Structures are given as C-alpha cells and as structure tokens.
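Keep in mind it's a predicted model, so treat the numbers as computed, not measured. Both counts, for ligands and for their atoms, begin at 1 and track the order of listing. By convention here, the first residue in the shown sequence is residue 1.
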Amino acid sequence: MATQPRARYLDGPVAIIGAGIGGLTAALSLQHSGVAVRVFEQARALREIGAGVTITPNAMNALDFLGIGPALAEQAGETPRYVVRSAADGRELERGPDPGSFVPEFGASYRNLHRGDLHLALTDAVTKSDPDAIALDHRFDHLEQDGETVIAHFSNGTTFEAPALIGADGGASAVRDAVFGGQDASYTGHVALRALVPFTRVPRAVIADPYALYVGTGRSLIHYPLRRQTTMNLLGNAQAPQWQAEGWSIPATVEEFLGLFDDFPEPVRELIAAVPEQHLFKWGLRDREPLPAWTRGRVTMLGDAAHPMTPYLGQGACMAIEDGMILGRAFAASSQDLTEAFSRYEAARRDRANGVQLAARYQGTQHHGSTASGPGSGKTAATLGLFSYNPVTEPI
Ligand SMILES: Cc1cc2nc3c(=O)[nH]c(=O)nc-3n(C[C@H](O)[C@H](O)[C@H](O)COP(=O)(O)OP(=O)(O)OC[C@H]3O[C@@H](n4cnc5c(N)ncnc54)[C@H](O)[C@@H]3O)c2cc1C
C-alpha cells in the first residue's frame with residue numbers, strides 16, 4: 001500500500017482499543033497515512049458475529065480507497081433493489097434506488113456483506129501491512145495521560161505507552177468511561193432478533209422478493225441475501241418492555257420470533273419458521289445521548305464508543321468506517337501537532353455522526369408508527385441523502 005510521510009509528532013505507534021469494524025478501519029487508514037498502530041482487542045481470537053451488514057456507498061468509498069472493497073463486492077455479489085412494505089398487507093410503500101445508479105451517483109456501490117467477511121478483510125489488510133499490529137487478549141482497563149504521552153493499562157497486567165489513543169471499543173466503551181466518566185446506555189424498549197438462513201431453506205416467495213423491509217406498528221423486519229445469494233440475512237425489531245440481559249448473541253427460539261411477528265405477511269412467517277434451530281439470537285437495543293465532544297487530550301473515540309445508534313438506518317458500521325477513514329486522513333493532514341489532527345477529525349465527523357445517531361432514533365419511531373402518521377412513514381438512509389458524504393474526499 002502506498003504510504004505518506006509519517007507525522008513528526010508521533011514517536012511511536014498509536015494505540016487503538018478494539019479490533020471491531022471501526023478500530024480496524026482506523027488502523028488501515030492510519031497505516032495508509034504512514035502512521036504505525038497497535039490495536040488491542042479483548043477477545044482471545046478475532047471473530048465477528050454471524051450476521052449481515054449493509055455497507056452503503058458513503059462507507060464503501062472508504063473500503064474501496066483502502067483496497068478491500070473490490071474483493072468484498074465480489075464475495076457479496078449483486079445487491080437487489082430494496083422494497084419497503086407494509087407489515088399489515090405486504091403492500092409496497094417505497095422502492096429503493098436502482099442499484100446500478102450508486103456508482104455513477106456516489107462513486108461506490110452498495111453491498112450487503114457478511115460481517116465475518118468484512119472483519120476478515122480488514123484484519124488481513126492491517127496485518128499484511130504490519131504482522132504485529134493486532135494484540136489479542138488485551139482488555140483495556142484504564143489510562144493515564146499527560147502532555148507527552150498516554151499509558152493504557154490492560155487487565156492482563158500489561159501496559160502500553162503511546163503518543164495517542166483511540167477508543168474503538170464499542171457501545172459499552174471502557175475508554176469513554178475512563179475519559180468522560182460513566183454514562184449508562186438506556187434500553188429503548190426494543191429487542192432485535194437475527195438469523196442467517198441457508199438459501200435452500202428460504203421460501204420461494206422470499207427469493208422472488210429478496211430485499212424487503214416490512215414496517216408495522218411497534219415492529220419492523222428486514223431480510224436480504226448475502227454471499228452471492230447463498231444465505232438470507234433476517235433481522236426483526238419488536239417492542240419488549242422488560243428486557244434485562246446484555247450482549248448481542250443471546251439465544252432465541254423460532255417460537256418466540258414467530259410469536260412477535262405472527263400477524264406479518266405469510267412469506268415473512270414462513271421465512272422465520274425456516275430458521276434452523278440454534279441459529280437465532282437476540283439483543284436489547286440501547287441508546288445514548290450524543291456526546292458534545294469525543295476528544296480529551298491525547299485520547300479520542302470513534303464508532304459505537306463515540307455515537308452508539310439504533311439500527312433503523314443501518315448506519316452504525318458505516319459511521320464507524322467513515323470515522324476510521326477520516327481519522328487516518330486527519331493524521332496525514334496534520335504534520336506538526338496531535339491537537340490539530342484530533343481537531344480536524346472531530347470537526348469533520350461529530351455533526352455528521354451525532355446527526356445520524358439522532359436521525360436513526362427518530363426514524364425508528366416513524367417506521368414503527370408510534371406517531372400520528374402511523375407505521376411506514378419513516379425515511380431510509382437513501383431518502384435522507386446520507387450516501388452523498390464521501391469520507392475519502394470530504395474536506396478536513
Ligand atoms: C446484528 C447487527 C446488524 C447490524 N447491521 C448493521 C448494518 O446493516 N449496517 C450498519 O452500518 N451497521 C449495522 N450494525 C451496527 C454496527 O455493527 C455497529 O455500529 C458497528 O459494529 C460498530 O463498530 P465499532 O467498531 O465501533 O464497535 P464494535 O463492532 O462493537 O467493536 C468493538 C470491539 O472492541 C472490543 N472491545 C470492547 N471492549 C474492550 C476493551 N475493554 N478492551 C479491548 N477491546 C474491547 C470488542 O471485543 C470489539 O471487538 C449492526 C449491528 C448488529 C449487532
């Protein structure tokens with residue numbers, strides 16, 4: 001990968017906490033800018049949950065620029081045109097743009113990826129550039145910083161001293177807690193259920209209408225194909241007032257899923273019924289108020305650590321990718337001073353990501369009909385115009 005001269009104020013690798021989609025994109029973008037990184041991940045092995053992730057042209061522009069977009073597009077295959085449907089009767093409410101229009105209009109394609117494929121592509125690219133870039137089994141615990149340096153302390157007893165530290169440790173960020181103090185995420189009253197269904201089990205009516213979002217009172221459900229039409233990704237959101245448990249992978253049952261969507265149109269019910277046992281998981285959706293600042297001294301944050309969001313615009317990973325891309329560019333553009341690099345980064349990112357965070361919350365209420373206009377009046381990321389931001393060329 002072509003690199004640019006390294007910023008002179010960096011006298012050692014930048015520490016990134018968390019090897020998720022945002023942390024790894026930042027690592028790759030910093031490497032591209034000639035900045036060495038060490039990514040510290042709490043897990044003992046690198047892995048992602050089995051689910052789909054929608055990568056829209058705004059984020060795909062960054063993946064293309066960083067060199068991993070074309071292979072991911074090849075793995076994913078073509079993206080069908082999406083349709084928004086009424087959960088009451090299956091009626092079409094909105095038809096998404098022609099997938100062929102994305103490259104001419106926004107410079108990049110729109111792909112539905114398997115999260116594992118995206119994570120592996122990022123990991124491979126980062127370690128190809130530097131085999132020692134990722135340290136596993138390092139759970140960040142706390143930090144100390146002064147005008148010169150930041151020291152990260154890990155629960156395995158080790159420490160790492162760096163000129164700068166990036167908190168990319170997700171929605172329950174320990175970096176955010178360490179720097180800005182604890183702020184609990186509040187439960188939104190919605191539970192999400194997810195499954196991957198092999199195409200051999202997918203009902204014909206769903207294969208004929210492969211990318212659909214059904215919106216109904218208090219609930220929505222989306223399905224779309226992955227890996228060249230071999231797997232169907234299924235994601236449902238429903239109200240569940242009493243949710244307690246933490247985590248993204250709590251086992252759920254087909255019976256429970258069907259019970260929540262029993263009045264949705266028949267193809268959807270058939271698809272839920274086709275989910276193989278033990279392949280169904282749920283998690284409680286949590287939300288936080290946007291933060292007025294992401295940076296303190298030599299520490300900043302990105303992705304869900306900075307702006308966790310509900311899934312109603314499918315933009316959480318896309319925002320993390322945009323953050324990571326811009327962060328690397330901000331280092332490349334600021335040759336003298338870390339303060340300048342972080343200021344450029346936050347100035348380019350905070351209004352955009354915090355705005356999408358609030359929009360996702362609002363569109364959830366619109367999709368689910370908790371307003372006078374009823375279900376289905378929500379906008380999508382496409383109709384909100386979110387694809388026209390390009391993190392590769394956005395002024396910083
Ligand atoms: C099922 C599902 C479907 C989704 N679909 C979409 C979609 O279609 N489109 C979209 O744009 N977004 C989607 N999202 C949201 C998106 O996945 C998240 O917004 C995105 O993963 C955030 O990336 P991140 O890197 O900030 O955090 P994460 O992906 O959560 O990564 C954080 C990493 O930090 C590590 N970590 C945590 N704490 C510590 C610690 N103390 N020390 C060291 N490491 C730590 C974690 O193990 C993890 O590897 C979806 C989410 C889910 C769960």
Side-chain angles (χ1 to χ4, degrees), residues 15-27 38-56 58-60 63 79 82 110-116 118-119 122-123 134-143 152-156 158 160 165-178 191-196 211 213 222-224 226 233-237 247-250 280-286 301-324 353 356-357 360 380-381 386-387:
I16 298 177
I17 309 298
I21 291 165
L24 291 171
T25 306
R38 284 291 171 281
V39 186
F40 296 96
E41 166 58 45
Q42 65 181 358
R44 293 211 167 111
L46 283 169
R47 60 175 176 267
E48 251 299 339
I49 59 171
V53 59
T54 292
I55 301 299
T56 50
N58 43 320
M60 204 67 199
L63 300 183
T79 310
Y82 72 76
Y110 176 131
R111 302 285 170 182
N112 293 326
L113 305 177
H114 190 291
R115 291 177 70 98
L118 172 58
H119 195 255
L122 286 165
T123 307
I134 303 176
L136 299 175
D137 200 9
H138 276 72
R139 182 179 173 78
F140 169 86
D141 187 70
H142 66 281
L143 60 80
H153 294 254
F154 299 95
S155 51
N156 61 10
T158 61
F160 187 80
L165 182 143
I166 320 294
D169 50 342
S173 171
V175 174
R176 188 190 50 227
D177 287 356
V191 62
L193 299 104
R194 66 179 167 86
L196 295 180
Y211 191 177
L213 167 67
I222 190 167
H223 59 72
Y224 54 78
L226 303 176
N233 184 60
L234 171 61
L235 177 67
N237 293 299
W248 278 3
S249 299
I250 296 148
L280 191 50
F281 302 94
K282 62 182 175 183
W283 75 101
L285 299 181
R286 291 168 202 273
M301 299 181 296
L302 60 72
D304 282 4
H307 43 72
M309 60 186 71
T310 55
Y312 301 113
L313 290 174
Q315 286 291 310
C318 293
M319 289 303 113
I321 290 168
E322 287 185 2
D323 289 345
V356 174
Q357 186 186 11
T380 61
L386 299 182
F387 302 167

Hey, which atoms in ligand 1 end up nearer than 4.0 Å to a heavy atom of [X]?
{"X": "Thr54", "result": "7 (C), 8 (O), 9 (N), 10 (C), 11 (O)"}
{"X": "Ile17", "result": "42 (N), 43 (C)"}
{"X": "Ile21", "result": "25 (O)"}
{"X": "Arg139", "result": "41 (N), 42 (N)"}
{"X": "Gly303", "result": "26 (O)"}
{"X": "Phe40", "result": "43 (C), 44 (N)"}
{"X": "Phe140", "result": "40 (C), 41 (N), 42 (N), 43 (C)"}

Consider every N or O of [X] and every N or O of ligand 1, then say whether any pair is closer than 3.5 Å.
{"X": "Ala174", "result": "no"}
{"X": "Ala320", "result": "no"}
{"X": "Ala305", "result": "no"}
{"X": "Val53", "result": "no"}
{"X": "Trp283", "result": "no"}
{"X": "Arg194", "result": "no"}

Which residue and atom name correspond to the protein heavy atom nearest [atom], and how close is it?
{"atom": "atom 24 (P) of ligand 1", "result": "Gly22 N, 4.0 Å"}
{"atom": "atom 9 (N) of ligand 1", "result": "Gly314 O, 3.0 Å"}
{"atom": "atom 48 (C) of ligand 1", "result": "Glu41 OE1, 3.5 Å"}
{"atom": "atom 12 (N) of ligand 1", "result": "Ala317 N, 2.9 Å"}
{"atom": "atom 3 (C) of ligand 1", "result": "Gly52 O, 3.8 Å"}
{"atom": "atom 21 (O) of ligand 1", "result": "Arg115 NH2, 3.2 Å"}
{"atom": "atom 37 (C) of ligand 1", "result": "Asp169 O, 3.3 Å"}
{"atom": "atom 44 (N) of ligand 1", "result": "Gln42 N, 3.1 Å"}

Validation row: [X], [Y] side chains within 4.5 angstrom (heavy atoms):
{"X": "Tyr224", "Y": "Thr79", "result": "no"}
{"X": "Ile17", "Y": "Phe160", "result": "no"}
{"X": "Ile222", "Y": "Thr54", "result": "no"}
{"X": "Phe281", "Y": "Ile49", "result": "no"}
{"X": "Met60", "Y": "Ile321", "result": "no"}
{"X": "Leu234", "Y": "Leu280", "result": "no"}
{"X": "Asp169", "Y": "Gln42", "result": "no"}
{"X": "Leu226", "Y": "Leu196", "result": "yes"}

Ranking Ala360, Ala51, Gly170 by closest non-hydrogen atom to atom 27 (O) of ligand 1, top hit is Gly170

Option nearest atom 32 (C) of ligand 1 (shortest heavy-atom distance, choices Ala168, Gly18, Ala195)
Ala168

Is the shortest distance from a heavy atom of His138 to ligand 1 less than 4.0 Å?
yes

Heavy-atom contact check, 4.0 Å cutoff: does Cys318 meet ligand 1?
yes

Non-hydrogen atoms of [X] and [Y] that approach each other most closely:
{"X": "Asn237", "Y": "Pro311", "answer": "OD1-CG, 4.1 Å"}
{"X": "Ala317", "Y": "Ile55", "answer": "CB-CD1, 4.4 Å"}
{"X": "Ala353", "Y": "His307", "answer": "CB-CD2, 3.4 Å"}
{"X": "Leu235", "Y": "Ala192", "answer": "CD1-CB, 4.4 Å"}

Look at the aromatic rings of Phe387 and Tyr110 and report parallel, tilted or perpendicular, splitting at 30° and 60°.
perpendicular

Look at the aromatic rings of Phe154 and Phe140 and report parallel, tilted or perpendicular, splitting at 30° and 60°.
perpendicular

Side chain to side chain contact (heavy atoms under 4.5 Å, CB included) between Arg44 and Leu136: does it pass, once the steps are laid out?
CA-CA 5 Å; Arg44 293 211 167 111; Leu136 299 175; 5.8 Å; no

